[in-house]
Amino acid sequence: MVVSSAPGKVYLFGEHAVVYGEPAVPCAIERRARVSAEARDDDRIRVHAEDLSLNGFTVEYSDSSDGAPDVDAAESLVQAGIGYIDAAVEQARDAAGEPDAGFDITVESEIPLGAGLGSSAAVTTAGIDAGTRELGVELSAEEIAERAYRAELEVQNGEASRADTFCSATGGAVRVEGDDCRGIDAPDLPFVIGFDGGAGDTGELVAGVRALREEYDFAADTVEGIGDIVRSGERALAAGDVEELGDLMNFNHGLLEALGVSSRSLDQMVWAARDAGAYGAKLTGAGGGGCIVALDPTESTETALRYTPGCEDAFRAELDTDGVRVEE
Ligand code: PMV
């Protein structure tokens, strides 16, 4: 049996604008999904997941060619979780040249689902690594990133960015521009994350920004302004200037708010973090609900968030320089 894990991510800068060719900087965080894979002597797939839904569940099936099987507790997130595992298994089979390989798979994730923290990418990346290693094949982080991207494309009907899967596979801070993803140097980043317990609809939020950008010049300028913030952010990262990074995160949040993708609970958490003395805070991911990320090396922001209306969970998660890896 092989157990692999892969990290989730936050966007330090640049979500939404990245859709229009501006650069973005996602960063891996010390919150992981763990996937174990044990080869079977038949071609069946048995998946046991602890954290893909509120209740753990187990599902077993033999033919994945029609996509994910129906799960009784038919919550869409559960279905989606199975979809990612199914697509990861297909990639592992393909990479190892063993199309009929069967597996017993267990999934455990510390990453809130659909909240802008890259949970699906982490499960997919760890699943491909565990599955291929169990079949005796070792892929590079770049190969895993490529296969995880293809798996996400399949599950998400052709809509996926390379950012989450690349970041999860390689770890660290990443610069994304179009299809070009590369690791960049970064200091230790003391992230604090606030989660409102909800999730935004990424497709709807992206469509909303697109419509605004077509209707108003200010919105097109705002998207370009986010690109400028990202470029300044890259310089601050290279200089290790965490205070400057915080200021730029605040500007980035303001521009995302102008584009209509924040929410009351996200704004409340952002302001609570700033009031608590964080260097800066912004929403992360598509917005509409889900998570904010703040920079604070002290305990203040985490404590303040715990008492903030609209915040369901708050935790620290430093920048994770490790990407996908085998667990001992
Ligand atoms: O919420 P997430 O982590 O899936 O991030 C969405 C990021 C967007 O820029 C809004 C969309 C995208 O595909 O890049």
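Order of listing sets the numbers, starting from 1, for every ligand and every atom in it. The figures that follow rest on heavy atoms only: side chains count, while hydrogens, waters and symmetry mates do not.
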Heavy atom of the protein closest to atom 13 (O) of ligand 1 (residue, atom name, distance): S161 CB, 3.8 Å
Ligand-residue contact atoms, ligand 1 with G116, heavy atoms, under 4.0 Å: 1 (O), 3 (O)
E108 side, atom CD; T106 side, atom OG1 - distance, nearest 0.5 Å: 7.5 Å
Lys/Arg-Asp/Glu bridge criterion (N-O < 4.0 Å) met for R93, D100: no
For E15, atoms of ligand 1 separated by under 4.0 Å from a heavy atom: 9 (O)
Cation-pi, Y20 ring and R213 (6.0 angstrom, 45 degrees): yes
Qualifying residue, where the test is side chain to side chain contact (heavy atoms under 4.5 Å, CB included) with Y84 and the options are V155, V89, V35: V155
Close-contact set for ligand 1 against D164 heavy atoms, below 4.0 Å: 3 (O)
Closest protein heavy atom (residue, atom, distance) for atom 3 (O) of ligand 1: K9 NZ, 2.8 Å
H16: numbered ligand 1 atoms lying under 4.0 Å from its heavy atoms: 8 (C), 9 (O), 10 (C)
The one among A24, A286, G14, G8 that brings a heavy atom closest to atom 6 (C) of ligand 1: A286
Region of L117 engaging ligand 1 - heavy atom pairs below 4.0 Å: neither
Test: R40 and E38 ion pair at under 4.0 Å: no
Identified side chain to side chain contact (heavy atoms under 4.5 Å, CB included) partner of L237 from the options L248, I184, V242, D185: I184
Residue, atom name and distance, where the atom is the protein heavy atom closest to atom 14 (O) of ligand 1: V18 CG1, 3.5 Å
Six-ring centre of F315, R31 cation under 6.0 angstrom, axis tolerance 45°: yes
Protein contact to atom 12 (C) of ligand 1 [nearest heavy atom, distance to 0.1 Å]: V19 CG2, 3.9 Å
